[in-house]
Enquirer: 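Starting off with a structure, shown below.
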Amino acid sequence: MKKIKFLILLFCLAFGYVNSSAQELPNIIIIYADDVGYGDLSCYNDRSAYKTPRLDKMARQGVRFTDAHSPSTICSPSRYGLLSGQQIYRSTGGGGGAFEGPGGPSYLKPGQLTIADMLRNKGYRTGVFGKWHVGLSWFDKDNKRLEGGFDNSLLIDYEKSTPLIDGPNQRGFDESFITPNCPTTDPLYIYIENGMVPIPASQRHKQENLPNPGGKWRWDNDEGWMAPGYNFIEADLLFYNKTREFITEHRNNTPDKPFFAIFSTQIAHAPVLPAPEFNGATKAGPRGDFMWELDVLVGRVLDLVKELGIDNNTLIIFNADNGAETVHVDWMRQDFGHDPSGGWRGMKRDGWEGGHRVPFIVRWPGKFPEGLVSDQMINSTDIFATLASIVGYKLKDEEATDSFDMLPAMLGTQEEAKLIRPHLLTQSFRGQFQIRKGSWKYLDHIGSGGNDYDRGNLVKYALPETAVGATGQLYNLTDDPGERKNLFFTEAAKRKELQDLLEQLKSSGRSAPKNREPLGIKKIYELSILEK
């Protein structure tokens with residue numbers, strides 16, 4: 001059998017079926033979800049209050065990671081990590097907040113290689129559709145750059161501000177249709193298409209104007225300035241339609257050229273606003289319906305590539321920017337017995353696992369094995385180096401400095417016992433670091449690093465401190481997955497080892513290895529043929 005496979009491989013090589021030209025590279029789609037916790041998909045949580053059948057099927061047809069993490073526990077720094085392959089620390093020297101109003105400038109610096117730049121250099125047409133939220137530069141009539149804030153939204157001079165100097169089209173994307181901030185949470189509420197604003201913000205948005213089928217679930221819809229006709233309720237349907245148009249038009253016009261698309265949803269960010277067609281779709285309230293909407297949209301992406309005849313040559317990645325929102329975790333636990341954190345301690349903003357351990361599923365028919373469940377540590381920053389490895393782009397040492405090539409884990413060629421990542425960095429809401437090495441996790445701070453567990457609805461989830469006087473936290477996740485017993489003092493040698501490693505990774509400007517060599521599409525074809 002091996003001899004037959006080898007002969008097939010030689011035939012493919014001889015007749016050009018395996019080469020590294022742009023036409024042979026896979027199309028790539030990233031579906032980037034918002035505030036979706038580890039326990040929010042039924043393939044991760046057998047006690048889920050609802051089902052996510054299309055995502056579950058995607059996992060059965062591909063690779064599902066159980067130890068996947070967002071770079072940060074809030075959205076803007078995590079989105080920077082996805083687009084740059086780096087921790088927000090590399091951009092700001094610390095943490096990074098979530099932008100509101102005309103907040104900026106972009107965390108992505110001029111001249112910095114983005115994931116879209118990298119793929120465009122390999123012949124891809126690139127597009128991003130949905131939530132952007134890594135900062136933009138807006139100017140008033142005197143060319144003064146504006147900061148976030150309620151009143152500043154009305155001071156924008158759109159003629160002077162557009163085309164945007166640090167929008168997606170200046171950061172590697174050929175096509176873009178985005179909102180500057182969280183689409184239904186943070187003003188300013190406008191659409192930006194290819195660096196231009198078709199309709200400026202001129203109307204005052206009031207929360208009372210939104211339909212409110214779920215009562216409390218409308219929480220966190222900030223009042224501010226909006227463009228006339230801005231659609232809060234069907235935001236994700238709009239973003240999907242723009243993604244579909246981009247892919248369809250690309251296939252019609254340039255079918256021999258690969259495409260890269262990011263479908264950046266706002267589900268399940270607050271406020272919970274499922275489109276009307278999804279109301280009542282589950283028995284788990286508005287947020288269950290919202291997650292059902294996300295699952296349906298993932299299914300529509302999967303159906304689209306099949307309809308276009310490109311299923312086998314399209315790599316699809318599903319990932320999330322951080323854990324679930326605090327009140328969402330509390331309400332879903334109390335009202336429906338559903339735990340968005342999937343049993344892990346913490347939630348959005350926290351340095352504990354629930355703040356940054358998220359779903360991560362990849363699917364590439366014929367190349368990635370079906371039904372593989374991987375325990376390899378992986379970060380959203382790793383998408384950058386992994387895609388570079390697929391398309392044969394050799395990253396410079398100063399590029400994507402926190403990105404590891406996880407392709408061997410996706411191909412199923414990596415021994416599970418042999419870690420690709422010797423360590424993992426994450427940052428909490430306040431920019432504080434957490435570092436993993438094997439089963440050991442050190443948090444370079446006391447408390448959550450994000451939420452206040454001394455008041456409000458989080459008091460019930462507070463745990464007693466087991467190392468009084470400690471300046472950080474040390475846990476062994478194998479023995480203590482709930483991060484309950486702080487070993488800061490009792491395992492001082494291990495704590496010192498991780499403290500020293502953290503300082504080294506921060507000061508060196510990188511956590512990824514140097515001299516990364518891409519695997520390349522030719523080798524991937526060889527491996528997939530030989531495995532069959």
Side-chain angles (χ1 to χ4, degrees), residues 18 20 24-33 41 43-44 55-71 81-82 85 115 118-119 122 124 258 260-262 298 301-302 305 310-320 357-395 400 402-422 424 512-513 516-532:
V18 181
S20 57
E24 293 300 321
L25 298 176
N27 306 303
I28 300 167
I29 302 171
I30 297 175
I31 303 171
Y32 201 50
L41 308 188
C43 57
Y44 281 89
L55 280 158
D56 293 0
K57 185 176 180 180
M58 181 180 170
R60 291 195 302 271
Q61 294 176 336
V63 183
R64 178 170 67 89
F65 287 88
T66 63
D67 200 351
H69 301 263
S70 56
L82 170 69
I115 196 169
M118 182 269 292
L119 290 170
K122 296 299 293 186
Y124 281 75
F260 169 59
I262 298 179
V298 170
V301 172
L302 293 167
V305 298
I310 56 174
D311 187 36
N312 288 338
N313 199 32
T314 301
L315 165 61
I316 301 178
I317 300 171
F318 179 88
N319 190 215
R357 190 178 285 236
V358 292
F360 197 122
I361 301 170
V362 295
R363 177 185 183 272
W364 187 8
K367 309 300 181 298
F368 294 167
E370 292 189 6
L372 177 63
V373 178
S374 176
D375 296 330
Q376 289 279 340
M377 286 192 301
I378 187 171
N379 193 302
S380 303
T381 57
D382 297 332
I383 293 174
F384 200 127
T386 303
L387 295 184
S389 185
I390 290 171
V391 303
Y393 185 97
K394 181 171 172 56
L395 290 168
D402 295 303
S403 188
F404 284 71
D405 178 8
M406 301 299 296
L407 186 55
M410 297 177 186
L411 290 168
T413 59
Q414 182 75 15
E415 295 178 33
E416 275 297 307
K418 186 176 180 181
L419 293 178
I420 296 175
R421 271 184 160 277
L424 174 87
R516 290 162 290 184
E517 289 289 341
L519 190 62
I521 196 68
K522 186 179 291 187
K523 185 65 175 177
I524 293 170
Y525 271 91
E526 291 176 18
L527 291 170
S528 61
I529 291 170
L530 290 173
E531 284 296 314
K532 290 180 180 177

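Computed from a predicted model, the values in this text were never measured in an experiment. In this chain, numbering begins with 1 at the start of the sequence shown.
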Enquirer: Between I29 and F318, is there a side-chain heavy-atom distance shorter than 4.5 Å?
Expert: no
Enquirer: Considering non-hydrogen atoms only, spot the tightest contact between A388 and P518 and give its length.
Expert: O-CB, 3.7 Å
Enquirer: State the CD1-CG distance between I390 and L519, to the nearest 0.5 angstrom.
Expert: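 If I round to the nearest 0.5 Å, the distance is 9.0 Å.
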Enquirer: Determine yes or no for a side-chain-to-main-chain donor-acceptor pair under 3.5 angstrom, with N312 supplying the side chain and P365 the backbone.
Expert: no
Enquirer: Would you check if F368 and L411 make a side-chain contact, meaning some heavy-atom pair closer than 4.5 Å?
Expert: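 Yes, at least one pair of side-chain atoms sits under 4.5 Å.
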Enquirer: Over all heavy atoms of both residues, which pair between S70 and A320 is shortest? Give the atoms and the distance, please.
Expert: CB-O, 4.0 Å
Enquirer: Kindly indicate whether the side chain of F404, heavy atoms from C-beta on, has any atom under 4.5 Å from the side chain of N379.
Expert: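 Not touching, per the 4.5 Å side-chain cut-off.
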Enquirer: Run through I378, D405, I524 and flag the one making a side chain to side chain contact (heavy atoms under 4.5 Å, CB included) with M410.
Expert: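 By the side chain to side chain contact (heavy atoms under 4.5 Å, CB included) criterion, M410 pairs with just one of I378, D405, I524: I378.
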Enquirer: Return yes if some donor-acceptor pair links the side-chain N/O of T381 with the main-chain N/O of D402 below 3.5 Å, else return no.
Expert: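 Flag set: sc T381 to bb D402 pair under 3.5 Å.
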Enquirer: Below 4.5 Å, heavy atoms only, C-beta onward: do E416 and Q376 meet side chain to side chain?
Expert: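 When only atoms from C-beta onward are counted, Q376 and E416 do touch, with a gap below 4.5 Å.
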Enquirer: Under 3.5 Å, side chain of R64 to main-chain N/O of M58, donor-acceptor pair present?
Expert: no
Enquirer: Taking C-beta and beyond as the side chain, do L395 and S389 meet within less than 4.5 Å on heavy atoms?
Expert: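 The answer is no; the side chains never approach within 4.5 Å.
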Enquirer: Any side-chain heavy atom of D67 sitting closer than 4.5 Å to one from L424?
Expert: no
Enquirer: Which heavy atom of I361 sits nearest to which heavy atom of L55, and what is that distance?
Expert: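 Taking every non-hydrogen atom into account, CD1-O, 3.9 Å.
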Enquirer: Please name the residue in the list D311, V305, V362 that meets the side chain to side chain contact (heavy atoms under 4.5 Å, CB included) test with I316.
Expert: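 Only one of D311, V305, V362 forms a side chain to side chain contact (heavy atoms under 4.5 Å, CB included) with I316, namely V305.
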Enquirer: Can a salt bridge be assigned to the pair K394 and E517 using a cut-off of 4.0 Å between side-chain N and carboxylate O?
Expert: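 Yes, charged N to carboxylate O under 4.0 Å.
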Enquirer: Supply the atom-to-atom distance T386 OG1 to I420 CD1, rounded to the nearest 0.5 angstrom.
Expert: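 The CD1 atom of I420 is 8.0 Å from OG1 of T386, to the nearest 0.5 Å.
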Enquirer: Could you tell me which non-hydrogen atom of P359 sits nearest to which non-hydrogen atom of L41, and how far apart they are?
Expert: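 In this case the closest contact between P359 and L41 is CB-CD1, 3.8 Å.
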Enquirer: Please determine which of F65, Y44, Y32 meets the ring-ring contact (aromatic ring centres under 6.0 Å, His included) test together with F360.
Expert: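 Among F65, Y44, Y32, the one meeting ring-ring contact (aromatic ring centres under 6.0 Å, His included) with F360 is F65.
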Enquirer: Please round to the nearest 0.5 Å and tell me the distance separating atom CG of L315 and atom CG of L25.
Expert: 11.5 Å
Enquirer: Find the distance between CZ (R357) and OG1 (T66) and round it off to the nearest 0.5 Å.
Expert: 7.0 Å
Enquirer: Closest heavy-atom contact between P26 and P258?
Expert: O-CB, 4.0 Å
Enquirer: What closest approach, in Å, do M118 and V391 show between heavy atoms, and which atom pair accounts for it?
Expert: SD-CG2, 3.9 Å
Enquirer: Rounded to the nearest 0.5 Å, what separates atom CG in D382 from atom CG in N319?
Expert: 10.0 Å
Enquirer: Within this structure, what is the NZ-OG1 distance for the pair K367 and T314, rounded to the nearest 0.5 Å?
Expert: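 K367 atom NZ to T314 atom OG1 measures 10.0 Å (nearest 0.5 Å).
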Enquirer: Less than 4.5 Å apart, side chain to side chain, heavy atoms only: is that true for R516 and S403?
Expert: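 Yes, side chains in contact.
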